[in-house]
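What follows is a single structure, written as structure tokens, with notes after it.
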Amino acid sequence: MNNTTQTVKTNSNTNSNDAKWLDILQYTLFTLIFVVSTFGNTLVCLVIATTRRMRTTRNYLLVNLAVSDLTVALLCIPFDMVVKITEPEWQLGDAMCKLLWPSMTLVTNSSAATLAIISYDRYRAVVRPMKSRFSTRQIGIAIATIWLFSLALVLPYVLALRVNRNHCEELWPSKTIRKIYTVGLFLFQYALPLTIIALAYIKVVLRLRQQAARMSKNYELTTRPPSTPLTQENCSLRTRLTAEICDKASLASPLPTKKEFTYQVDKSKHKKRSRKSENVTSQTIVDKQSPASSLPPQGKPVSDGSRGRGGRVYKEARRLEHNTKIVKMLVSVVLSYAICLMPNQVVWLWIELGSGQSWPHIDELLIFGSLMVYINSSVNPLLYAGMNEEFRKEFGRILRCRWKERQPELRLV
């Protein structure tokens, strides 16, 4: 089951001092997670709601993820602490018995499905860029479907929970049905979404590597220096040889007459013109053959909107860098989900399908599993701030605005 904090009756006899320190540590961590999760996820929702350029389809899915985490922080953590303080008796009534634990399962299902859709959105954007992006209406329908599907998965759990002898217990028609439901939850909220996410991001990473290799090749072509035309070297060599021959000839021959001098000047002018035209023609041929001839002139900077090869390479490089950063951030979110939920999933499979219920320290393991689930609800805003520059800037903007608004009040006081 995904009943993350329901106590399992065991034969464990822990020392009272150890139990006291464990409770103090548990309540301290619960309080810290509650503050971080509430503040961080509220900040994520405010950033996307108040910033026009942040209102993208991917960020709407992140808002849905933040709402799930806020539900954990505002509903599950406070009442879970009350239950731990008042146990072994249930003091919250029949309604909370059917609401508290199922709400935890509900938001876990929603988070898993949201992460799967985010991975598919990245797959379409990187691997299938020619396909149209999801519209806001399509994302709205997807989010509504996520919550309806998650609610359908949790309904059997709601029907099975009831207060019996001052305890909120699961009363299933048979143990077999309970085991089937536990395995089904494991598949739909953990194994299946992570498989879809892994396949999608593997294809995304492979495509990004292909794009990086192509970008490197294009960059080498654009930065390769143009080859020096051979005609220029031949002409300069011919000029130097002609000058040396003329110098030597002038030492051995007498001065030319006026008529001969005029004829030689006219002849040299004709040779210069023909040599110049030959030089221009050869230079034009070499320029057409050079791969760098399509680049913009060297004296002008290449802008983002340039139609030249340099402009295209620059835009592709920026797009590749942007997609890589987004994928890294989203993969980190998925990894945190997988790592944080693994202990809770494993311990409940062990209880339902194995001999976990008879293990002396199963209660401590359940507490650790519930803490890891709660930690997952608070870590996502930290990942956004640490790995995404846009979120980091907007977080800072909102915090500065709130601080500036408080400054006049502080001065008046």
Side-chain angles (χ1 to χ4, degrees), residues 1-12 26 30 68 71-72 75-113 147-193 340-374 376-377:
M1 301 302 298
N2 194 49
N3 184 353
T4 59
T5 55
Q6 186 177 2
T7 304
V8 178
K9 296 179 181 179
T10 66
N11 297 324
S12 59
Q26 184 179 355
F30 274 16
S68 299
T71 305
V72 173
L75 178 63
C76 298
I77 294 180
F79 286 101
D80 193 8
M81 293 181 66
V82 173
V83 170
K84 291 184 179 301
I85 293 173
T86 60
E87 64 182 4
E89 294 186 356
W90 181 264
Q91 303 290 339
L92 299 178
D94 295 344
M96 287 302 299
C97 178
K98 291 183 175 292
L99 178 64
L100 182 58
W101 309 130
S103 64
M104 187 68 196
T105 306
L106 175 68
V107 297
T108 303
N109 294 339
S110 175
S111 298
W147 285 101
L148 290 175
F149 180 73
S150 301
L151 182 61
L153 284 178
V154 86
L155 279 179
Y157 190 24
V158 174
L159 297 176
L161 282 171
R162 65 194 64 181
V163 178
N164 182 30
R165 298 177 182 177
N166 290 329
H167 294 282
C168 183
E169 298 178 350
E170 301 175 25
L171 300 177
W172 294 88
S174 65
K175 291 183 178 180
T176 303
I177 294 178
R178 173 171 174 157
K179 292 179 179 180
I180 291 174
Y181 184 73
T182 301
V183 174
L185 278 182
F186 170 76
L187 292 176
F188 282 104
Q189 72 180 197
Y190 193 78
L192 184 59
C340 291
L341 265 71
M342 182 184 293
N344 185 66
Q345 297 289 337
V346 171
V347 69
W348 279 105
L349 286 176
W350 188 26
I351 290 173
E352 297 293 343
L353 305 179
S355 59
Q357 190 168 354
S358 61
W359 190 53
H361 302 287
I362 191 65
D363 288 338
E364 289 82 355
L365 190 57
L366 283 169
I367 292 173
F368 175 74
S370 65
L371 283 173
M372 291 298 292
V373 173
Y374 292 150
N376 179 69
S377 68

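Checking side-chain atoms of K98 against main-chain N and O of L161 turns up a donor-acceptor pair under 3.5 Å. Checking side-chain atoms of W350 against main-chain N and O of L353 turns up no donor-acceptor pair under 3.5 Å. Side-chain atoms of S111 come within 3.5 Å of backbone N or O of V107 as a donor-acceptor pair.
Side-chain contact between L341 and N376 is present, with at least one heavy-atom pair separated by less than 4.5 Å. Contact check for L100 versus W90: side-chain heavy atoms found under the 4.5 Å cut-off. Within the 4.5 Å cutoff, no side-chain heavy atoms of V72 are placed close to those of V373. With a 4.5 Å cut-off on side-chain heavy atoms, S68 and W147 count as touching. For the pair I362 and L365, the minimum side-chain heavy-atom distance is below 4.5 Å. Using a 4.5 Å heavy-atom threshold, the side chains of F30 and L371 count as touching. Side chains of W359 and E364 form no contact here, defined as non-hydrogen atoms less than 4.5 Å apart. Using a 4.5 Å heavy-atom cutoff, the side chains of W101 and D80 are in contact.
Nearest heavy atoms, T108 versus M104: OG1-O, 2.8 Å. Contact between M372 and P343 at its shortest, heavy atoms only, is CG-CG, 4.2 Å. In this structure, V163 and G93 approach most closely via the heavy-atom pair CG2-O, 4.0 Å. Taking all atoms of both residues into account, the shortest heavy-atom contact from L151 to L106 is N-CD1, 3.5 Å. Considering all non-hydrogen atoms of both residues, S358 and S355 come closest at OG-O, 2.9 Å. Shortest non-hydrogen contact noted between C76 and S103 is SG-OG, 3.7 Å.
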Verdict with reasoning, Q189 to T105, per side-chain contact (heavy atoms from CB on, under 4.5 Å) = CA-CA 9 Å; Q189 72 180 197; T105 306; 4.0 Å; yes
Go through the steps to decide whether L366 and W348 satisfy the test side-chain contact (heavy atoms from CB on, under 4.5 Å), and finish with yes or no.
-> CA-CA 8 Å; L366 283 169; W348 279 105; 3.8 Å; yes
Starting from the C-alpha separation in whole Å, work towards a yes-or-no answer on side-chain contact (heavy atoms from CB on, under 4.5 Å) for T182 and Y157.
-> CA-CA 10 Å; T182 301; Y157 190 24; over 6 Å; no
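To the nearest 0.5 Å, atoms CD (E352) and CD1 (I180) are separated by 11.5 Å. For the atom pair CG (N166) and CD (E89), the distance works out to 5.0 Å, reported to the nearest 0.5 Å. Rounding to the nearest 0.5 Å gives a distance of 5.0 Å between CD of E169 and CG of N164. Of the inter-residue distances, the one linking L92 atom CG with C97 atom SG reads 9.0 Å to the nearest 0.5 angstrom. A distance of 6.0 Å separates OG in S370 from CD in Q26, rounded to the nearest 0.5 Å. Between atom CG of residue D363 and atom CD of residue Q357 there is a gap of 10.0 Å, rounded to the nearest 0.5 Å.
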